[in-house]
Asks: 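Below are the structure tokens for one structure; questions will follow.
So that the names make sense, note that chain A is the first sequence line, chain B the second, and so on, each numbered from 1.
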Amino acid sequence: MGQSKQRSGQSEVLKREASALGKSYEPAGFEQDIYRFWSESGCFDSAEENVPGQESFCIVIPPPNVTGVLHMGHALTNTIQDILVRWHRMKGDNTLWVPGTDHAGIATQSQVEKQIAKEGKGPTGRPLTRHDLGREKFLERTWQWKEEHAHIITDQLKRLGSSLDWKRERFTMDEGLSAAVREVFVRLHEDGLIYRGERIINWCPRCQTALSDLEVVPQDRKGHLWHLRYRIVEADGSAVKNPATGEDASLVIATTRPETLLGDTAVAVHPEDERWAFAHGKFAVLPLLGRKIPIITDTYVDREFGTGGLKVTPAHDFNDYELGKRHDLPVVHVMGKDGKITAAGGPYAGMKFSEAREAVLQALKESGELVKTEDHQNKVGLCQRCDQVAEPIISKQWFVKIEPLAKPAIAAVETGKIEFSPKSWEKTYFEWMYNIRDWCISRQLWWGHQIPAWYCQSCQETTVARSTPEKCSHCGGAQLKQDEDVLDTWFSSALWPFSTLGWPEKTKALQTFYPTSILETGFDIIFFWVARMIMMGMHFMGEVPFRKIYLHAMVRDEKGEKMSKSKGNVIDPLVLINQHGADPLRFTLAAMAGQGRDIKLSVDRVEGYRAFCNKVWNAVKFLHLQLDPQSAVDGLVPNAAPLAEPQGGARQWLLDNHAKLLPANAWILSRLQESIATVEKGFKNFELNESAQALYSFAWGEVCDWYIEFAKLPLRAGGADREQTLITLHYVLEQLLTLMHPVTPFVTEELWRSLPWRSPANTPARTRDGKPEIETLMFQAWPKVDSRFRDEKAEAAVGGLRGVVEALRSFRGENSLSPRTEFAVSYVPQNSQAGEFMRSIAGDVRSLSRITSLEPVTGAAGEFETVIPLAVPAVELRISLQGLVNVEEEQKRVRKEMEKVQADLSHVRAKLSRESFISKAPVELVAKERENEAAHLAKLSELESALTRLSRLGGGK
RNA sequence: GCGAGCGUAGCUCAGCGGCAGAGCAUCGCCUUCACACGGCGAGGGUCGCAGGUUCAAUCCCUGCCGCUCGCACCA
């Protein structure tokens, strides 16, 4: 909190000036200012046309519900997209990330309905409904609601750092997109791909609307299986004898929905079922109602189930509907749209479905026609939106004839014009597309795109048009009434990749950005959205809507459970952003974005990456302390002149002077190349977790843990060593910030601004259209691997140095020696190279390990000496224990090490003792194992002699 | 039933043919001059089970077992 006060003059920081970084990473103090700066400077803008040689990169956002609030799923998808977008922008592509929101038909409408219900009572004393207001008033209210709430989700996207081109923000019901919707509807209708018809559809009695197959979610329920007896009779009603028993025949049929028997119009058996062969062509008597219905045969019937008989209710079951069509059965509607039994249900008319079930069962029990009741696990379809049981009913609706649209969409994926990642989802896609059914697109709602179809009051014909027609296209009548229904929300989202770019106008944006580059979304909407965009894109643009589909995993809570309000396990991204900053959250999501697995998010992880941001913050602060003589701390060169930026930039200077560089400087530059390669590869292959890991281990494990420590010595030494080290440090940190920027844009921008020698940006985006230059890390050139900085020798040298330092630290740790305890170390080189090397690193080792001296010795070890044998470099370190450590502790350490060496040795020997290994494994490998064996043996003997000496000493104590 | 994915350290996950890795958690030592949102060290895994291929298998193949998610469905 104190931090924000300290940074109150934040806008000043935007200017180039000597910076004073705060004590630690406090994201609340700068994130929002930085976003505003980017946004106001036009950093997110795309250009309508590419400059020559430039590529375009485009992603359309999966539009969140306009009245929604940001949840972890949004945070994940938008973090991933923003990373890709920022990366491409830095690479110099003309980059467009299209923002926008979805009107979300049912969801939004029901929120407004709830609000209205709270406001008062209707004429009959019940809460107000939309019908009390009327369509026009209700829509006004909903638009108002939309205006009031739309900014919430977009503001939250901004808090995340999303670099969306807000000038291109769209809404599925804005004027342009609505025109696109009408255009598509009319054209599909003209093509015969949209029709209106009476079909069996899913109906939600609560939402009072038709639903598509996808909007009904099957759920396992514990239910019952009721066995009902249907008597078998002749056409004239006389009883039929069962030849097997000689008694009056009847058929026992199992059902999970007894109330549907009111609508039964047949009983079916399998044609080859011997048991019922005698019943073919006879009739069954419907229990309770006494209606006589035919017994039909169909291979659909499962002979194994129950007694092999099936009741057929064509009006209220999808399979029965098909069966009914095949056998030309009458259709009896008994379940009404209002959730109540219709007049056709006789005595049960007017009852709710659930009441009717109880009443029917009671009556069956009384009449003796209920033979048996069993427990049964069955599935019911729930309305995706309200969780109420949705019922199949027959109703007149608009449909998209989907097969002709599906074919090119299947081909697009088969031929590789669109690639799924992970690829395994393609199978899921094909599975659904090959068995696709016509899409019911009409919804009995008010909030949405009203269907552009008008019915003539005089000739009853339908006129479909782009704008309200004056007269009927069939009879010329002027009495027209528009269809009251609206379209499925997904109908407009299906057009999103081209409607947002201005279609049906032939815009420059379409030319530049369609097909879009990547679609990033959740696998849960492959059918709802992805497949439909492909179909519409292929049909209307003649081209795929995107080249790659990147599907991320589901974000769950730390226990792996789905986050939901009712469970109370929702982690709010905004809370995390406020507490820890957007960057740590983004880094967490990127690090966990490995594919094919659920993401179990834990707050611990976010805290860990906050620490990471703080670590990088302090690394940059370290640089400032070195650069600024005023803040020179103890140990720095006193009165060192401020260093000027090297001519031609740090990079060129380092290339020119590469041969003169200290091993540590050459080493970190070499490691930087490796990191650039790994980060780049991760972004390219959608393995953001690889990139994140590479950034983390390079920044913390190499730059902070080792390089900065190495650097302290030459920085203190002053002169040319100090100069080259400062230049290296500055260069490496700037490159690191640049590499990190797509993942953690805020903290990197804040830190980058503070650098005194910022490189000039050189992406085309920066200077395009004669815009003033904007100084931001966003437009820095993306780092490229430069093989001239690769330096195996330096890497080997630092590896050796680290080996020595780590061995000494381990010795210290195992013996619980305080860092303040200093002691002398000597070494015995196994060869002249090792001796040479040890001499070269002696200074570094002394400074990093806090030892008094590191000198070569020859001859046998003295009686107080313990040894630490090292393979790389090939030396034996010797330390006199006199007055230093507890001998028993050291004995323990030596024994432990011997055990380890012994284990390794026997492992190697087991390998080498197999003739097959010697003869078949690669020669180099065999040679390496032989070397290992020798090295292990040598180590062992050194340790053994040390142990002997120690036990003599130990005996004395 | 069909399809997909997953079972690796206490937890979350990476690795996917040559002696098991990270972060967090745990235990020691340290407030040392960028950082205690820190440093150093240590402990901890027959890589779900059983076969097979291979000189060599956590990694490839087959079969089980367990968990998760799609799709279809027994009315």
Side-chain angles (χ1 to χ4, degrees), chain A residues 21 23-26 218 225 253-257 260 268 300-302 304-306 309-313 317 319-320 376-379 422 424-425 427-428 430-432 435 523-524 526-527 553-554 556 558-560 580 584 591-592 594-602 604-605 607-626 633-636 687 689-690 693 696-697 700-701 704-705 708-709 712 716 805-806 809-820 850 896 903-904 907-908 910-911 914-922 925-926 928-929 932:
Chain A
L21 289 180
K23 184 177 169 337
S24 58
Y25 167 67
E26 295 292 344
L225 197 55
I253 296 176
T255 180
T256 55
R257 300 171 69 205
T260 62
Y300 167 74
V301 181
D302 179 3
E304 309 300 317
F305 193 88
L310 170 71
K311 63 193 270 311
V312 185
T313 322
D317 183 281
N319 291 306
D320 292 7
H376 185 74
Q377 179 95 345
N378 66 322
K379 279 192 176 145
S424 54
W425 287 109
K427 204 156 185 175
T428 308
F430 288 135
E431 194 81 16
W432 190 70
N435 302 304
F523 56 79
D524 51 329
I526 291 180
F527 308 142
M554 218 70 185
R556 297 173 182 276
E558 53 207 320
K559 286 182 228 124
H580 303 294
M592 300 184 92
Q595 296 182 346
R597 222 190 245 255
D598 287 340
I599 295 175
K600 290 177 198 151
L601 189 77
S602 76
D604 283 356
R605 209 60 199 262
E607 284 169 6
Y609 290 122
R610 177 189 181 141
F612 174 65
C613 291
N614 186 55
K615 190 75 179 171
V616 175
W617 183 276
N618 278 288
V620 175
K621 215 174 76 186
F622 175 79
L623 170 69
H624 284 295
L625 292 175
Q626 304 307 318
V633 280
D634 185 31
L636 279 181
E687 287 161 346
N689 53 322
E690 297 284 337
Q693 209 207 337
Y696 190 92
S697 59
W700 200 321
C704 292
D705 285 350
I708 288 183
E709 296 307 318
K712 284 175 181 171
R716 280 173 200 143
V805 171
E806 276 168 349
R809 281 176 182 170
S810 186
F811 169 80
R812 213 184 263 279
E814 298 261 325
N815 284 297
S816 306
L817 286 177
S818 130
R820 263 172 306 199
R850 299 215 155 200
K896 202 164 84 185
D904 288 350
H907 193 267
V908 172
K911 240 183 198 181
R914 274 200 320 269
E915 196 279 323
S916 53
F917 176 75
I918 309 285
S919 58
K920 292 194 176 165
L925 194 68
V926 177
K928 210 180 97 193
E929 294 293 4
N932 281 344

Asks: Nearest whole angstrom, please: distance from the P of B:rA34 to the CZ of A:F622.
Replies: 6 Å
Asks: Over 60° means perpendicular and under 30° means parallel, so classify the ring planes of A:Y696 and A:W700, tilted if in between.
Replies: tilted
Asks: Can you tell whether the side chains of A:E915 and A:K920 come within less than 4.0 Å, N to carboxylate O?
Replies: no
Asks: Is the shortest side-chain N/O distance from A:W700 to OP1 or OP2 of B:rC37 below 4.0 Å?
Replies: no
Asks: Have a look at A:V908 and say if it touches a base, only the backbone sugar-phosphate, or nothing, with a 4.0 Å heavy-atom cut-off.
Replies: nothing
Asks: Please determine, for B:rG10, whether a Watson-Crick or G-U wobble partner exists with both distances under 3.5 Å, and give it or none.
Replies: B:rC24
Asks: Find the partner of B:rA50: check Watson-Crick (N1-N3 plus N6-O4 or O6-N4) and G-U wobble (N1-O2, O6-N3) distances, both under 3.5 Å, and reply none if neither fits.
Replies: B:rU62
Asks: Between A:N319 and B:rC74, does any side-chain N or O lie under 4.0 Å from OP1 or OP2?
Replies: yes
Asks: Determine the interatomic distance between P on B:rC60 and the same-named atom on B:rC33; round to the nearest Å.
Replies: 50 Å
Asks: Could you state the atom-to-atom distance from CG of A:D604 to P of B:rG10 in whole Å?
Replies: 17 Å
Asks: Distance between the C1' atoms of B:rU58 and B:rG70, in whole angstroms?
Replies: 28 Å
Asks: Can you tell me which nucleotide in B:rU32, B:rG43, B:rC74 comes closest to the side chain of A:K896?
Replies: B:rG43
Asks: Using only side-chain N and O atoms of A:R820, determine if any of them is under 4.0 Å from OP1 or OP2 of B:rU31.
Replies: yes
Asks: Taking pairing as Watson-Crick or G-U wobble with both contacts under 3.5 Å, can you name the mate of B:rG1, or confirm there isn't one?
Replies: B:rC71
Asks: In terms of the nearest nucleotide of RNA chain B, which residue is placed more toward the 5' end: A:R257 or A:F612?
Replies: A:F612
Asks: Any idea which of B:rA42, B:rA14, B:rA4 is nearest the A:E690 side chain?
Replies: B:rA14
Asks: Measuring only the P atom in each nucleotide, how far is B:rC37 from B:rC61? A whole number of Å is fine.
Replies: 47 Å
Asks: Measuring only the C1' atom in each nucleotide, how far is B:rA9 from B:rA42? A whole number of Å is fine.
Replies: 14 Å
Asks: CG of A:L925 versus P of B:rG18: gap in Å, rounded?
Replies: 11 Å
Asks: Distance check: side-chain N/O of A:Y609 vs OP1/OP2 of B:rC24, anything under 4.0 Å?
Replies: no
Asks: Verify, without hydrogens or angle tests, whether A:N614 (side chain) and A:R610 (backbone) share a donor-acceptor contact under 3.5 angstrom.
Replies: no
Asks: How many Å lie between CH2 on A:W425 and C1' on B:rA4, as a whole number?
Replies: 7 Å
Asks: Which nucleotide, if any, forms a Watson-Crick or G-U wobble pair with B:rC29, using both distances under 3.5 Å?
Replies: B:rG39
Asks: Taking only side-chain N and O atoms of A:K712, does any of them lie within less than 4.0 angstrom of OP1 or OP2 on B:rA34?
Replies: yes
Asks: Quiz question: going by heavy-atom distance under 3.5 Å, is there a donor-acceptor pair between the base of B:rC35 and the side chain of A:K615?
Replies: yes
Asks: Could you work out which one of B:rC55, B:rC33, B:rG38 sits closest to the side chain of A:P922?
Replies: B:rC55
Asks: For B:rG18, take OP1 and OP2 only and decide whether either is under 4.0 Å from a side-chain N or O of A:H907.
Replies: no
Asks: OH of A:Y696 versus P of B:rA14: gap in Å, rounded?
Replies: 17 Å
Asks: Take atom CG of A:L21 and atom P of B:rA34, then tell me their distance rounded to the nearest Å.
Replies: 15 Å
Asks: Would you indicate, yes or no, if B:rG38 has its OP1 or OP2 atom less than 4.0 angstrom from a side-chain nitrogen or oxygen of A:K621?
Replies: no
Asks: Between the base of B:rC37 and the side chain of A:E26, is there any donor-acceptor pair under 3.5 Å?
Replies: yes
Asks: Please report the distance separating the C1' of B:rG44 from the corresponding atom of B:rG51, rounded so that it comes out in whole Å.
Replies: 30 Å
Asks: Among B:rC37, B:rA34, B:rC74, which is the nearest nucleotide to the side chain of A:N614?
Replies: B:rC37
Asks: When you compare B:rG43 with B:rC49, how far apart are their P atoms, in angstrom units rounded to a whole number?
Replies: 24 Å
Asks: To the nearest angstrom, how far is A:L601 atom CG from B:rU12 atom C1'?
Replies: 10 Å
Asks: Do the rings of A:F305 and A:H376 sit parallel, tilted or perpendicular, given the 30° and 60° boundaries?
Replies: perpendicular
Asks: Taking only N and O in the side chain of A:S697, is any of them less than 4.0 Å away from OP1 or OP2 of B:rA22?
Replies: no
Asks: More 5' along RNA chain B: A:G813 or A:Q693, using each one's nearest nucleotide?
Replies: A:Q693
Asks: Say we look at B:rG66 and B:rU53: how far apart would their P atoms be, to the nearest angstrom?
Replies: 27 Å
Asks: When the distance from CD1 of A:I708 to C1' of B:rG38 is rounded to whole Å, what number comes out?
Replies: 13 Å
